[in-house]
Structure formats: C-alpha cells, structure tokens
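Letters A, B, ... mirror the listed sequences (proteins, then strands); counts begin at 1. No hydrogens, no waters, no symmetry mates; every other heavy atom, side chains included, goes into these values.
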Amino acid sequence: MSRQYITTAIDYPNAPPHMGHVMEKVLADTVARWFRLRGDEVRFQVGTDEHGVKIERTAKKEGIDPMALVDRNVPLYQNLYHRLQISFDFFIRTTDEKTHWPTVIALWKKLQEAKALEKRTYTGLYCQGCERFMTARDLVDGKCAIHNAAPEKVSEENWFLLMQREGEWLKKLLTQKKGGYEIVPSERAQETLALIEQGLDDVSFSRPQSSLSWGIPVPDDLGQVMYVWCDALTNYASGVGVLTDRPEAVWWNDEDSEITHVIGKDIARFHALIWPTMLKNAGVRQPNRLLIHGFLTSDGQKMSKTIGNVVEPEEVLKKFGGNPDPLRFYLSHEIPVGNDGDFSWKRIGEVYDSMLRNKLGNLLNRVLVLLKKEGGTLGDCGKDAIGTAWKTYAESMDDFRLTDALAEAMKIVVGANEYIDARKVWALPAAEKAAELSNLAERLRHISLLLLPFIPSTAQEISRQLGVPYAEKMLEKDFVITAKMKEWGGQKDWRKVGEPRILFAPLSAP
RNA sequence: CGCGGGGUGGAGCAGCCCGGUAGCUCGCGAGGCUCAUAACCUCGAGGUCGGCGGUUCAAAUCCGCCCCCCGCAACCA
C-alpha cells in the first residue's frame with residue numbers, strides 16, 4: 001500500500017472542452033481508480049490554466065472580463081468530467097489566489113534565492129496583428145502569413161530561467177533506473193533526450209505587464225507578470241500546498257509518495273525539462289513519472305474546425321444516452337497508452353455493438369436468464385475458469401498497458417460465450433446445469449471487477465444484477481479489491497442472483 | 001542530412017525492444033445453435049508485413065539505403 005498523487009495537465013478554458021481533454025482524463029481516471037482498487041491511498045487532481053494572452057484576447061473579443069470568461073467556461077469542464085465519472089479529488093484553478101498563488105510565489109522566490117533566474121532583454125519579431133512574437137516558421141518572405149505585414153523588432157525585459165546548465169543533470173534524472181523521473185511509455189523518452197542533446201536554452205519566465213497583464217505578478221518586481229511556466233506547471237505542487245503550511249503537502253513531500261503526471265505528447269518537453277529544473281532549483285523533490293498519451297484524430301485526420309471533423313464530447317455522451325462508458329471503453333480499448341488514436345462514429349458504433357452489447361451484455365443476460373429459470377440460486381462455483389488472468393491483468397495495469405489489461409478481461413467474456421455453446425449449458429440436466437451456471441456467474445463476478453477501473457458504472461451494474469453483496473460499495477473511493485474477491489469462489493456469502501436487465505440497448509431502439 | 005512517430009489481408013489496429021506457426025475488432029462467405037439484446041459458436045476466403053540490399057539455418061522483427069504519410073521545431077498551453 002502506497003500513497004499515489006496523480007495529476008492531469010490543466011486545461012486551457014478559452015473554449016469548451018474537446019475530445020483531447022477527454023482522452024487524457026479518462027486515462028488518468030482509469031489509472032487512479034486502479035490505484036485505489038489495488039489498495040493505494042490516492043489523490044487525483046485535474047484543473048484549469050486560466051491565465052495568458054489568449055484568454056485575455058478571447059475575453060476582449062467577447063467584451064467581458066477575463067475572469068468572467070473563465071468563470072463561465074470552467075464549469076463546462078467540471079461538469080463534463082463529472083458526467084464522464086472522472087473521479088478527481090481536487091480541481092485546481094490557477095486564478096485561485098488562496099490555493100494556487102502562495103505556492104507559485106514561494107517557488108519564484110526560491111528560484112530567485114537560488115540564482116536560477118536572471119533578468120535580460122529579449123528581442124524578437126512581433127506581429128501587431130497577431131499580437132505575438134513570430135518564429136521563422138510563421139513567416140513567409142519575412143512577412144506574417146496572416147496579416148501580410150512584416151513584423152517589427154521588439155525588445156522587452158524578461159526574467160529567464162537558467163536551463164542551459166541543466167542538460168547533464170536532466171539527462172541523468174530521466175535515464176536513471178531507480179529514483180529517477182520515468183517517462184512512460186519509454187519510447188516517448190527518446191525525443192526528449194534528443195532535445196537535451198541539441199542543447200538547452202534558457203526560457204523566458206516573465207513578461208512585461210504591457211504584453212501580458214492577465215497573470216500572477218512577479219514578486220518584488222512591479223510591471224512583470226509570470227509567464228506560463230511558473231504559473232501553470234506549478235499547479236501540481238500548489239494543489240497540495242507545497243511550500244506552504246497546508247497539511248496536504250505530504251502528498252508531495254513524503255518520500256514514499258509516488259507522483260504521476262498524465263499529459264499529452266505535445267507538452268512532454270516542458271514537463272520533462274522545465275518542471276524538474278524548477279523543482280531542483282527550488283529544493284523541492286522530483287515527481288516519479290510522466291505518463292504520456294498521444295493525440296486523437298477524427299476519421300484519420302487531425303481534428304480541425306476548418307475540416308469540420310471536430311467531435312464534441314457532449315455529442316458522444318448524448319448518442320449513448322448520457323452513459324459515459326461506451327466512450328470510456330472505446331478510448332481504453334482502442335488506443336494503447338502513448339499511441340495516437342482515431343475517433344470515428346462508425347468505429348465507436350462497432351465497438352459498442354460487438355464488444356459491449358453482443359459479447360459482454362449478452363453474456364450477462366443469457367447467464368442470468370438461465371439462472372432465473374432455475375430459481376436464481378447459486379451453488380458451488382466449481383472449477384476455476386480464471387486461471388492467471390488476475391496476475392496478467394495486474395501486471396499490465398501496473399505497467400500502464402491499459403489496453404492489454406482490458407483485452408485480458410474481454411478474453412474471459414469471449415471464453416465464457418464459447419464455453420456456453422460448447423457445453424450446451426441450456427440443454428443440460430438440471431443438476432449439471434445449475435453447477436455450470438454458478439460457475440459462469442462466478443466468471444462474471446470477476447469480469448465485473450476487472451472492468452471496474454475502465455467502465456465503473458457498468459461494472460457495478462453487472463455486479464448488482466448478479467446480486468453480489470458488495471455491489472453497492474463498488475464505486476466508493478475506499479472500495480478495495482481484496483485477495484478474497486480475486487479468489488475463485490471467494491465470495492462465500494453470495495447465494496442468489498438479482499434481476500436481469502439489458503445492459504446496453506441497441507442504438508437504433510427508440 | 002533538424003527531431004520524433006508511422007507505412008502489416010477490404011477498413012482500423014496489435015506484434016517489432018528479447019529474430020523461429022502473422023494476432024485482434026469490423027466487414028465478407030459457409031455452417032451450427034436457439035439459453036440470450038436477429039445476439040452466441042465453428043470453419044473459411046483474403047496479407048510477397050512500403051521498396052531494395054545485408055546479417056542469419058531462420059526477419060514483420062536486427063543492420064544499411066531509398067520512397068511515402070503525420071506531428072513537433074521552444075515563448076505556441
């Protein structure tokens with residue numbers, strides 16, 4: 001039993017949430033649920049990154065206050081995550097001056113004391129139309145492609161975080177076997193290490209208020225506002241009050257607390273390079289791992305408003321009558337952690353029909369209906385039909401190979417369907433039939449537990465219909481899968497099944 | 001030579017690190033069953049694993065070169 005602190009990237013709420021956000025939260029939630037179920041003490045945090053020029057600009061366009069904009073949009077995220085049954089314990093907002101700011105400001109001061117910050121003049125090409133600095137890539141013939149105007153050279157004072165000197169140290173941190181900052185899946189580590197090889201540059205850590213006003217002021221330097229790094233990355237620490245006297249800080253400070261950041265591949269470099277550098281210089285311990293997921297395309301193409309293939313999470317929920325499990329199952333089943341994945345309406349419909357409805361739902365139903373006809377009483381559950389499934393499953397889950405773990409659970413479903421046909425269970429003499437059905441019910445009890453981190457409410461519903469005594473407690477945060485529960489026939493007080501109901505209805509049904 | 005990911009039966013993917021019958025879901029064809037949500041089960045057709053070359057008794061899997069697709073390239077969150 002250990003202590004697990006798990007976070008997701010904080011979302012930028014200048015627009016409503018999209019499928020990319022959902023993919024990340026479902027991944028993190030499945031991991032968090034697994035940790036709880038295996039008996040760990042878990043704190044799971046999500047949140048929003050609410051500062052920056054983009055929010056400022058969007059608010060201006062709408063003629064409202066930045067704060068009003070985020071206050072309007074943030075609930076969209078919270079609401080969606082609740083309906084997806086993301087079991088977060090804490091939601092952090094970077095505009096929260098009580099929770100977030102004290103850690104940020106303390107961290108800044110620590111960095112300054114450690115002489116990790118330096119004030120310099122930054123010179124770059126600034127496009128008035130875009131209201132931002134341009135990179136070589138943005139320019140066509142030296143002009144801004146959007147505004148067809150040459151950007152002007154602008155100089156401004158910035159605080160910089162000194163990163164150049166950290167290359168060797170970072171490389172060691174990211175590659176050392178024990179006690180390092182592990183990148184999962186390991187394939188993702190390569191590009192980050194390659195970046196270090198190319199040499200690191202110092203990063204801008206603040207901007208003048210004239211360029212960025214919507215942010216946290218730099219302490220003791222009026223006119224400077226913190227740039228995204230110190231503000232946003234620090235949420236992981238501020239959420240538990242690192243560098244303050246809040247008691248939750250144990251989640252971070254305790255040596256035996258494991259810290260996992262779940263993020264997308266696009267921001268891996270910041271989390272792998274800038275964040276540890278900040279922590280090191282501030283004298284705060286390092287996280288344990290970075291769990292990186294890929295991107296979601298839609299029908300094979302990048303989701304984009306111009307192509308018009310953007311999929312709204314709300315639409316997907318609506319299609320399945322508000323049930324988040326088809327979407328949760330789809331993401332976990334179809335997309336190996338770390339890989340890019342594709343969302344298509346056709347595919348999710350197929351997965352729903354084939355896996356959830358026909359294989360899983362139908363299995364539960366045929367077993368329960370048969371059992372009901374026999375009086376619904378359970379006898380001895382007979383020969384173990386699970387074998388090493390729990391072991392394989394747990395190994396996969398512990399290694400964050402969620403797709404493999406889910407496949408292991410579905411293998412039992414398919415096996416049970418095959419078995420029913422091979423044995424012609426429905427045609428057996430009464431005594432034998434009863435014995436076989438008890439065995440099948442026991443298989444389903446295990447299946448329900450195996451599915452619990454992935455599709456929690458469906459898993460609970462399966463156990464309810466089976467009449468398993470612990471069914472009502474399964475969604476509580478302190479519910480733990482005990483050794484007894486994993487044992488074949490381990491649930492001695494379970495003698496009677498409940499009423500069969502359709503688990504997943506056909507989509508075409510009214 | 002900027003960095004990284006990918007190219008596997010009609011579609012979408014796994015396998016590749018640790019070489020040795022090419023696996024899964026869907027689709028297609030035939031059959032079985034009727035307990036069940038027209039669901040379930042069995043069998044089958046369909047792949048020169050992007051191309052060329054190398055290593056090896058043996059390569060989708062290791063090495064080299066080439067072609068194609070997709071992200072990122074640091075102030076953009």
Side-chain angles (χ1 to χ4, degrees), chain A residues 9-14 48-55 94 122 124 130 132-138 158 160 163 186-195 197-198 200-207 211-212 227-229 231-233 263-270 273-274 294-295 297 299-302 333-336 338-342 344 346-347 349-351 353-374 403-404 407 410-411 414 416-428 433 437 440 500-506 509:
Chain A
I10 46 176
D11 306 317
Y12 202 68
N14 69 329
T48 37
D49 169 21
E50 307 182 14
H51 291 130
V53 177
K54 234 152 104 184
I55 294 276
T94 57
Y122 171 79
C130 300
R132 68 180 184 92
F133 284 99
M134 310 297 282
T135 61
R137 200 194 189 196
D138 299 319
N158 282 193
F160 278 79
M163 297 243 351
S186 53
E187 302 92 80
R188 287 271 167 220
Q190 282 181 38
E191 52 189 324
T192 308
L193 293 170
L195 282 172
E197 293 303 328
Q198 288 165 41
L200 301 172
D201 280 333
D202 301 334
V203 293
S204 171
F205 230 50
S206 78
R207 302 198 55 191
S211 327
L212 171 70
Y227 191 58
V228 60
W229 313 126
D231 182 347
L233 289 169
I263 59 159
K265 63 177 183 176
D266 54 333
I267 53 175
R269 57 158 63 95
F270 312 133
L273 304 176
I274 299 178
F295 278 170
T297 53
D299 283 320
Q301 285 179 299
K302 189 175 176 174
H333 187 262
E334 297 296 294
I335 308 167
N339 287 21
D340 288 344
D342 188 53
S344 83
K346 181 166 174 283
R347 183 71 187 149
E350 283 171 5
V351 168
D353 277 336
S354 161
M355 310 296 303
L356 292 178
R357 213 158 68 76
N358 297 349
K359 292 209 161 65
L360 178 62
N362 183 50
L363 172 67
L364 177 70
N365 202 235
R366 65 199 299 208
V367 169
L368 282 180
V369 169
L370 282 171
L371 265 167
K372 263 313 199 208
K373 288 179 188 163
E374 303 302 312
T403 302
D404 292 349
M410 291 309 288
K411 228 164 77 184
V414 171
N417 274 322
E418 285 170 14
Y419 186 82
I420 294 175
D421 276 63
R423 279 285 282 165
K424 293 193 191 303
V425 169
W426 62 88
L428 256 26
K433 193 197 284 187
L437 288 172
L440 285 160
R501 282 181 300 274
I502 297 294
L503 205 53
F504 294 102

- Task: Decide yes or no on salt bridge (charged side-chain N to carboxylate O under 4.0 Å, His left out) for D421(A) and R366(A), but give the supporting numbers first.
- Result: CA-CA 11 Å; D421(A) 276 63; R366(A) 65 199 299 208; 3.1 Å; yes

- Take N158(A) and F205(A), measure what side-chain contact (heavy atoms from CB on, under 4.5 Å) needs, and give me the verdict at the end. CA-CA 7 Å; N158(A) 282 193; F205(A) 230 50; over 6 Å; no

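Atom-to-atom, NZ of K265(A) to P of rC72(B) comes out at 8 Å; the value is rounded to the nearest Å. Distance OH (Y227(A)) to P (rA74(B)): 12 Å, rounded to an integer number of Å. We find that CG of L273(A) is positioned 14 Å from P of rA73(B), with the value rounded to whole Å. Here rC76(B) presents its P atom at 16 Å from CG of L233(A), a figure rounded to the nearest Å. A straight line from CZ of R269(A) to C1' of rC75(B) spans 11 Å, rounded to a whole angstrom. A straight line from CD1 of I55(A) to P of rC76(B) spans 16 Å, rounded to a whole angstrom. Distance CG (L200(A)) to P (rC75(B)): 15 Å, rounded to an integer number of Å.
Taking a pair to require two hydrogen-bonding distances under 3.5 Å in either a Watson-Crick or a G-U wobble arrangement, rU25(B) pairs with rA11(B). Across the strands present, rG2(B) finds its partner in rC72(B); the criterion is a Watson-Crick or G-U wobble pair with both atom distances under 3.5 angstrom. Pair check for rC18(B) finds none; no Watson-Crick or G-U wobble contact set falls under 3.5 Å. Pair assignment for rU55(B) gives none, since no Watson-Crick or G-U wobble pairing has each distance under 3.5 Å. With a 3.5 Å ceiling on both atom-pair distances, rU34(B) lacks any Watson-Crick or G-U wobble partner.
With 3.5 Å as the limit, one finds no donor-acceptor pair spanning the side chains of R501(A) and N365(A).
Aromatic rings from W229(A) and F270(A) are positioned such that their centres are separated by under 6.0 Å.
Listed for the T297(A) side chain is a donor-acceptor partner under 3.5 Å among the backbone atoms of G341(A). The main-chain N or O of P500(A) is never found under 3.5 Å from a side-chain atom of K372(A) such that the two would form a donor-acceptor pair.
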Between the protein and nucleotides 11-14 of chain B, list the N/O to N/O atom pairs that are separated by less than 3.5 angstrom.
from: rA14(B); atom 1: OP1; to: N339(A); atom 2: ND2; distance (Å): 2.3

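A salt bridge between D353(A) and K359(A) is absent, with no side-chain N of the basic residue lying under 4.0 Å from a carboxylate O of the acidic one.
Residue M355(A) is the one, among S204(A) and M355(A), whose nearest nucleotide of RNA chain B lies closer to the 5' end (criterion: closest heavy atom).
Taking all atoms of both residues into account, the shortest heavy-atom contact from L428(A) to R423(A) is CD1-O, 3.5 Å.
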- Classify every nucleotide of nucleotides 34-45 of chain B by which part a protein heavy atom approaches to under 4.0 Å, writing B for the base, S for the sugar-phosphate alone and - for neither, in 5'-to-3' order. SBBB-SBSS---

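The side chain to side chain contact (heavy atoms under 4.5 Å, CB included) check on Y12(A) picks up N14(A), D49(A), K54(A), I55(A), with sequence neighbours excluded.
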